[in-house]
Amino acid sequence: MLVLESQRDTLQNTLSLVDRPMPCWILGISALYHDSAAVLLKDGVVFAAAQEERFTRIKNDLSMPIRATAWLLEHAGISPSELEALVFYEKPLRKFERILSTSVAYFPYSWRLFSPQMRAWLGDKLWLRDKLISQFAVPKDRIFFSEHHLSHAASAFYCSPHQDATILTVDGVGEWATTALWSGSGADITPVSEIRYPHSLGLFYSAITAHLGFVVNNGEYKVMGMASFGEPRFMAEMNQLLIVKDGRFELDLRYFCHHLHPRRATTRHFETFFGVPRHPSEPFDLDSDDPQIVSRSQLFADIAASAQLALEEALMALVHHAHQTCPSTALCLAGGVALNAVANQRIATEGPFEHVWVQPAAGDAGGALGAALWGWHMVMGNPRTAEPAFQVSLGRSWSASKVADYLEDFRLPFTDVTENFSETVAADLAAGKIIAWMQDGFEWGPRALGYRSILADPRSAEMKDRINRSVKFREPFRPFAPVVLASAIDDWFEVPPAARNMTPYMVCTVNVRSEVIDKIPAVTHIDGTARVQSVSDEHNPLLSKVIEAFAALTGVPVLINTSFNVKGDPIVNSPVDAVATFLQSEMDCMYIGNLRVEQPKRQRYHSPRIDG
């Protein structure tokens with residue numbers, strides 16, 4: 001299942017694996033569902049990685065990562081002919097088998113779904129090998145296909161600091177699996193068990209996301225944030241929808257129709273529990289003067305809280321079962337559900353594992369990384385070696401001269417602040433300025449981890465409202481994450497020992513220490529938690545020095561760190577993206593490399609008075 005002998009033989013016949021004179025380049029690809037991405041390995045080490053959305057500027061872009069791949073090859077200075085393997089992150093024929101089998105099994109109720117799925121697959125997706133050959137100019141005998149959940153497992157395990165681990169992958173659906181348990185040892189990943197479609201924790205949570213008026217595969221983190229404002233008073237109903245028993249789960253399909261309908265995720269029976277769905281334009285405002293708005297908002301928050309708790313209970317059952325089945329000290333998590341930072345906190349706090357690891361691009365984008373690593377280790381048979389801590393600045397960077405050229409083209413005055421750089425940034429932050437921050441290569445994954453960030457002072461609760469309202473243009477209930485010096489994290493946050501390796505990647509919430517909550521209200525969520533990120537000289541020396549300088553001025557080694565974008569846009573990639581985002585918001589200044597840019601003073605246009 002994991003490595004077809006024909007695949008191994010084909011690749012090893014193609015490559016000269018002994019005394020190879022040139023580097024071995026492997027390209028991993030994920031695409032055609034959401035969050036498409038490309039990853040380039042050089043001799044088994046991640047050389048660069050990027051999601052396609054950063055180049056197309058289409059949020060969660062699902063298209064083939066043509067632009068991302070073109071940049072990877074240009075960055076490496078190689079042509080497609082020098083790739084020794086291109087590995088796609090799943091098996092399209094097995095996925096088509098599932099879609100066809102499911103449509104037949106549930107016919108005639110699945111008739112609405114059958115036609116659009118057949119058009120999509122027979123028109124494009126089914127002939128994926130030919131598409132990869134034509135679009136990436138890679139020979140047929142160098143194209144390989146991993147499996148969806150195997151790619152997730154490889155992305156988590158091979159990037160983790162653990163040589164032996166239990167691996168749990170949980171998402172919407174791959175070929176057939178929606179949840180899978182694996183055992184990782186050295187360079188080998190062995191399947192243990194799986195739960196199959198249409199029973200899915202990811203699709204359960206996505207159904208709640210849609211019911212609450214958010215976009216599926218994009219708004220799940222909004223549900224997670226909204227949950228903190230509610231009470232889980234719908235747990236009896238959730239336990240009817242999602243049945244957990246003996247370390248497994250299943251959905252009661254009377255309430256779901258993701259396997260039957262191309263647009264609807266839930267049935268009318270679902271609405272008897274939770275009412276009519278929220279329209280995306282319907283306000284969520286628990287402080288409104290309108291009691292009807294408050295009542296509806298509380299209903300939505302309570303549904304979110306109940307769904308979040310139900311997800312956590314199911315995950316805890318899976319985690320305990322995984323530990324009993326595959327005893328280990330370490331757990332590696334992957335799949336879109338592994339980005340639920342609140343659930344990760346509970347797994348780390350209450351779970352049986354001493355260490356929990358989540359790779360920062362745990363969703364489908366990370367499948368490209370896992371596919372490439374699977375090709376290197378399990379197809380080509382290369383052993384694992386001791387690697388440094390996983391780095392995230394894997395995207396495109398821009399030279400200082402190029403940045404200066406762009407700023408001059410935009411007629412934006414700038415100042416070179418190389419001298420006393422950290423102190424200058426810290427002084428701006430301490431003065432209450434909101435800073436756009438673009439440094440080095442952009443991050444791998446959906447979180448801003450200090451390379452394409454918006455930074456601000458966390459000491460005032462008003463700062464959170466100001467950024468949501470005037471900078472990000474997003475819902476006021478959304479929290480902001482703190483970035484803290486790793487050396488000071490325990491003074492400000494209660495980090496579960498098992499979560500220690502997750503803190504550099506902002507994939508786990510932690511409790512803010514009660515004695516400092518009033519000092520950093522802008523990054524403390526309503527439930528007293530924060531999705532913390534730690535930085536050190538090892539992970540991000542430039543940002544570390546800025547926080548040290550800020551702490552010297554204020555006594556607080558913590559900053560607000562949110563992604564450098566506005567609502568609905570991907571995180572910025574280029575100086576052009578940065579300037580466009582900066583100018584359309586009310587950020588005060590921008591740092592690109594060592595260049596500081598002030599927000600231009602806006603002149604409001606007044607129409608001439610017209611006398612009647």
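Numbers here simply count residues along the sequence, with the first being 1.
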Between Arg278 and Glu271, does a salt bridge (Lys or Arg N to Asp or Glu O under 4.0 Å) hold up when you go through it step by step?
CA-CA 11 Å; Arg278 171 182 173 266; Glu271 294 180 15; over 6 Å; no

Plane angle bin for His269 and Tyr255 - parallel if under 30°, tilted between 30 and 60°, otherwise perpendicular:
perpendicular

Between Thr266 and Cys257 the two heavy atoms that sit nearest each other are O-SG, 3.3 Å

Glu194/Arg196 salt bridge by N-O under 4.0 Å criterion
yes

Rounded distance [0.5 Å steps], OG1 in Thr190 versus CH2 in Trp182
9.5 Å

Short side-chain to backbone donor-acceptor contact, Thr178 and Tyr197, under 3.5 Å
no

Could you tell me whether a side-chain N or O of His377 sits under 3.5 Å from a main-chain N or O of Asn382, the two making a donor and an acceptor?
yes

Charged N to carboxylate O under 4.0 angstrom, Lys95 versus Glu90?
yes

N-O pairing of Lys59 and Glu52 below 4.0 Å
no

Val244 and Ala317: which non-hydrogen atoms are nearest, and at how many Å?
CG1-CB, 3.5 Å

Could you check whether any side-chain N or O of Ser30 sits under 3.5 Å from a backbone N or O of Asp364, counting only pairs where one atom can act as donor and the other as acceptor?
yes

Identify the two heavy atoms, one from Ser328 and one from Ala165, that lie closest to each other, and give their separation to 0.1 Å.
OG-CA, 3.5 Å

Got more than 12 heavy atoms from elsewhere within 6.0 Å of CZ, Phe249?
yes

Donor on one side chain, acceptor on other, Trp176 and Glu147, under 3.5 Å:
no

Any Lys/Arg nitrogen of Arg346 or Glu313 sitting under 4.0 Å from an Asp/Glu carboxylate oxygen of the other?
yes

In Å, rounded to the nearest 0.5 Å, how long is the span from CG of Leu86 to CZ of Phe145?
8.5 Å

Here the gap from Asp164 atom CG to Cys332 atom SG, rounded to the nearest 0.5 Å, amounts to 10.5 Å

Does one side chain, of Gln359 or Tyr505, offer a donor that lies under 3.5 Å from an acceptor on the other?
no

Can you see which heavy atom on Leu181 is nearest to which on Ala322, and at what distance?
CD1-CB, 3.5 Å

Determine, for Asp246 against Arg248, whether the closest basic-nitrogen to carboxylate-oxygen distance falls under 4.0 angstrom.
no

Would you say the ring centers of Tyr89 and Trp374 fall short of 6.0 Å from each other?
no

Which residue is it: Cys159, Ser160, Pro161? I am looking for the one with a side chain to side chain contact (heavy atoms under 4.5 Å, CB included) to Phe390.
Cys159

Approximate separation, where rounding is to 0.5 Å, of Asn340 CG and Gln345 CD:
11.0 Å

Do side-chain atoms of Glu443 reach the backbone of Arg452 as a donor and acceptor pair under 3.5 angstrom?
yes

Going by ring pair (Phe, Tyr, Trp, His ring centres under 6.0 Å), Tyr106 matches just one of His258, His261, His259. Which one?
His259

Could you please spell out the steps behind the side-chain contact (heavy atoms from CB on, under 4.5 Å) verdict for Leu449 and Met506?
CA-CA 8 Å; Leu449 298 174; Met506 206 187 287; 3.8 Å; yes

Does a donor on one side chain sit under 3.5 Å from an acceptor on the other, for Ser151 and Ser146?
yes

Would you call Glu250 and Lys245 a salt bridge, taking side-chain N to carboxylate O under 4.0 Å as the test?
no

Minimum heavy-atom separation for Glu53 and Pro570, please, with both atom names.
O-CG, 3.6 Å

Check step by step if side chain to side chain donor-acceptor pair (under 3.5 Å) holds for Asn218 and His34.
CA-CA 9 Å; Asn218 182 38; His34 63 91; over 6 Å; no

Say whether, by atom type as modelled, one donor and one acceptor occur between the side chain of Ser110 and the main chain of Leu260 under 3.5 angstrom.
no

Do the ring centers of Phe274 and Phe234 come within less than 6.0 Å of each other?
yes

When rounded to the nearest 0.5 Å, the distance separating CG of Leu251 from CG of Leu203 is 7.5 Å

Among Val173, Val337, Val170, whose side chain to side chain contact (heavy atoms under 4.5 Å, CB included) with Thr179 holds?
Val170

Taking the six-membered ring for Trp and the full ring for Phe, Tyr or His, determine whether the centres of His162 and Phe157 are under 6.0 Å apart.
no

Cation-pi check for Phe88 against Arg129: NZ or CZ below 6.0 Å from the six-membered ring centre and within 45 degrees of the axis, yes or no?
no

Taking the basic N atoms (NZ, or NE/NH1/NH2) and the acidic carboxylate oxygens, is any pair closer than 4.0 Å for Asp577 and Arg57?
yes

Closer than 3.5 angstrom, by distance alone: can the side chain of Trp357 be matched with the main-chain N or O of Ala156 as a donor-acceptor pair?
yes

What closest approach, in Å, do Ala343 and Leu315 show between heavy atoms, and which atom pair accounts for it?
CB-CD1, 3.7 Å

Please report the interatomic distance NZ(Lys222) to CG(Leu212), rounded to the nearest 0.5 Å.
11.5 Å

